[in-house]
Amino acid sequence: MTTAADLVADQAVDHYDRFLAEHYTWMLGGDLDALAAGQRAALVEWGVTPGSAIGTAAGSLAVDLGCGPGHASLALAALGFDSVLAVDLSRPLLGELAAHAARLPAVRAVRADVRGVLRELVRPGSAGAVVCLGDTLTHLPTRGDVAALFADVAAALAPEGTAVFSYRDLTVPLTGTDRFLPVRATEDRIMTCFLEYPDDYNDYTVVVHDLIHTRADGDADWTLTARSYRKLRLSHAWVLEQLRTAGLRVRHEESGAGGLRTVVLERAARSRTYA
């Protein structure tokens with residue numbers, strides 16, 4: 001039986017496969033290798049390194065949930081993780097990653113739902129790092145799915161393994177022209193997002209309208225394509241509470257461009273206590 005949550009999940013996958021995947025790497029800057037280098041620097045700053053987890057074999061596995069075109073997966077491999085599990089549901093984005101990781105045996109691209117993939121493919125206590133970057137959390141159908149994912153991550157991590165989540169807190173509605181968010185503009189492509197806060201789900205979701213204008217070289221006429229999908233509205237306070245409940249300890253948090261929040265956490269070793 002198909003549930004409302006399944007329909008929301010399918011809508012997000014369809015939005016990426018049929019529309020956004022074509023523009024996704026361009027949207028982020030256009031150079032996947034440069035994106036991977038920048039992501040590697042950020043991971044180092046956040047303390048995501050192989051061998052930081054406790055255990056002889058633990059720490060060599062990293063998991064990238066919602067990997068997209070794979071810049072974080074490539075960064076994790078460059079840091080020296082022996083195995084990087086790159087998980088996404090978008091076939092085009094996984095194909096893009098596979099093309100870039102052809103000579104990187106450490107990276108394994110897997111088409112799977114992040115809900116349940118850790119339980120299915122990762123032995124408990126074996127992952128040195130689990131990252132879930134971009135806005136993947138808000139793509140999940142329900143807040144219950146988000147809380148369950150946090151518990152799965154905590155179970156998958158080795159003691160003192162590191163988890164990194166990023167997401168946008170969309171709980172405060174934008175109004176007027178503030179709802180139009182410029183993403184990127186080049187000579188032949190312009191992308192803007194428009195946010196809508198419908199009453200049907202109360203404060204649970206926001207509808208994201210992606211608007212992309214394109215034109216051929218030397219052509220004065222622009223063509224508009226647009227598609228929409230829903231994202232979860234997750235408050236930062238709620239996310240922190242769910243992470244704590246899951247058994248993850250906040251080590252660092254920061255805010256970035258576009259309201260993106262990043263939280264770096266660890267699963268503490270059982271022998272350690274904190275005041």
Side-chain angles (χ1 to χ4, degrees), residues 36-67 70-87 104 106-108 110 112 114-134 136-137 145-167 234 236-256 260-275:
Q39 190 66 75
R40 178 183 178 181
L43 291 170
V44 170
E45 183 178 343
W46 297 331
V48 181
T49 56
S52 58
I54 293 175
T56 303
S60 62
L61 169 66
V63 184
D64 182 9
L65 298 174
C67 64
H71 49 289
S73 298
L74 298 173
L76 289 163
L79 284 173
F81 282 95
D82 297 329
S83 178
V84 179
L85 191 64
V87 181
L104 293 174
V107 178
R108 175 188 171 197
V110 176
V114 299
R115 300 172 297 168
V117 70
L118 292 172
R119 281 170 277 139
E120 295 169 4
L121 299 181
V122 178
R123 180 171 52 83
S126 66
V130 179
V131 302
C132 185
L133 304 174
T136 297
L137 288 181
D145 291 323
V146 175
L149 179 61
F150 291 160
D152 288 347
V153 170
L157 281 177
E160 295 193 356
T162 304
V164 185
F165 294 98
S166 67
Y167 63 97
L234 304 173
H236 186 52
W238 182 88
V239 168
L240 292 180
E241 177 61 21
Q242 300 307 311
L243 290 167
R244 184 196 65 77
T245 300
L248 295 167
R249 176 180 176 269
V250 176
R251 197 165 70 202
H252 171 74
E253 58 178 290
E254 61 187 57
S255 297
L260 191 71
R261 291 183 178 269
T262 300
V263 185
V264 183
L265 310 108
E266 67 179 11
R267 175 193 161 194
R270 293 183 179 180
S271 61
R272 292 177 60 181
T273 59
Y274 296 89

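Note that the structure is predicted; figures quoted are calculated from it, not measured. Along the sequence shown, residues carry numbers from 1.
- Rounding to the nearest 0.5 Å places CD of Glu160 at 9.0 Å from CZ of Arg251.
- Partners of Ser83 under the side chain to side chain contact (heavy atoms under 4.5 Å, CB included) rule, at least two apart in sequence or in another chain, are Leu61.
- In terms of heavy atoms, Ser73 sits closest to Val107 at O-CG2, 4.1 Å.
- Remark: Glu253 pairs with His236, Leu240, Val250, Val263 by the side chain to side chain contact (heavy atoms under 4.5 Å, CB included) rule, at least two apart or across chains.
- Taking CZ of Arg40 as the reference point, atom CG of Leu79 lies at 5.5 Å (rounded to 0.5 Å).
- Listed by chain and number, the residues in a salt bridge (Lys or Arg N to Asp or Glu O under 4.0 Å) with Arg108 amount to none (sequence neighbours excluded).
- Considering only residues two or more places apart in sequence or on other chains, Ala42 meets the side chain to side chain contact (heavy atoms under 4.5 Å, CB included) condition with Gln39, Trp46.
- When all heavy atoms of Leu43 and Ala72 are compared, the pair lying nearest together is CD1-O, 4.5 Å.
- Here the straight-line distance linking atom SG of Cys132 with atom CG of Leu65 works out to 5.0 Å at 0.5 Å rounding.
- Minimum heavy-atom separation, Leu76 to Ala62: CD1-CB, 4.0 Å.
- Using modelled atom types, no side-chain atom of Asp152 and backbone atom of Leu118 make a donor-acceptor pair closer than 3.5 Å.
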Item checked: Derivation and outcome, side chain to side chain contact (heavy atoms under 4.5 Å, CB included), residues Val63 and Val131 -> CA-CA 6 Å; Val63 184; Val131 302; over 6 Å; no

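- Not counting sequence neighbours, Tyr167 has no partner by the ring-ring contact (aromatic ring centres under 6.0 Å, His included) test.
- For the pair Gly47 and Thr162, the tightest heavy-atom approach, listed with the atom from each and the gap, is O-OG1, 3.9 Å.
- For the pair Ser166 (side chain) and Gly134 (backbone), a donor-acceptor distance under 3.5 Å is present.
- Here Leu85 contributes atom CG and Leu121 contributes atom CG; the two are 6.0 Å apart, rounded to the nearest 0.5 Å.
- Interatomic distance, His252 NE2 to Glu266 CD, rounded to the nearest 0.5 Å: 13.5 Å.
- By the side chain to side chain contact (heavy atoms under 4.5 Å, CB included) test, Ala112 is found to be paired with Val87, Val110, Val117, residues two or more places apart in sequence or in another chain being considered.
- When atom types are taken as modelled, the side chain of Thr245 and the backbone of Glu241 share a donor-acceptor pair closer than 3.5 angstrom.
- Each of Leu248, Val122, Val153, Asp64 was scored for a side-chain contact (heavy atoms from CB on, under 4.5 Å) with Val130, with one residue passing: Val153.
- Closest non-hydrogen pair, Leu74 versus Ala36, comes out as CB-CB, 3.9 Å.
- Using modelled atom types, one side-chain atom of Arg267 and one backbone atom of Leu157 make a donor-acceptor pair closer than 3.5 Å.
- In this structure, Phe165 and Leu265 approach most closely via the heavy-atom pair CD1-CD1, 3.6 Å.
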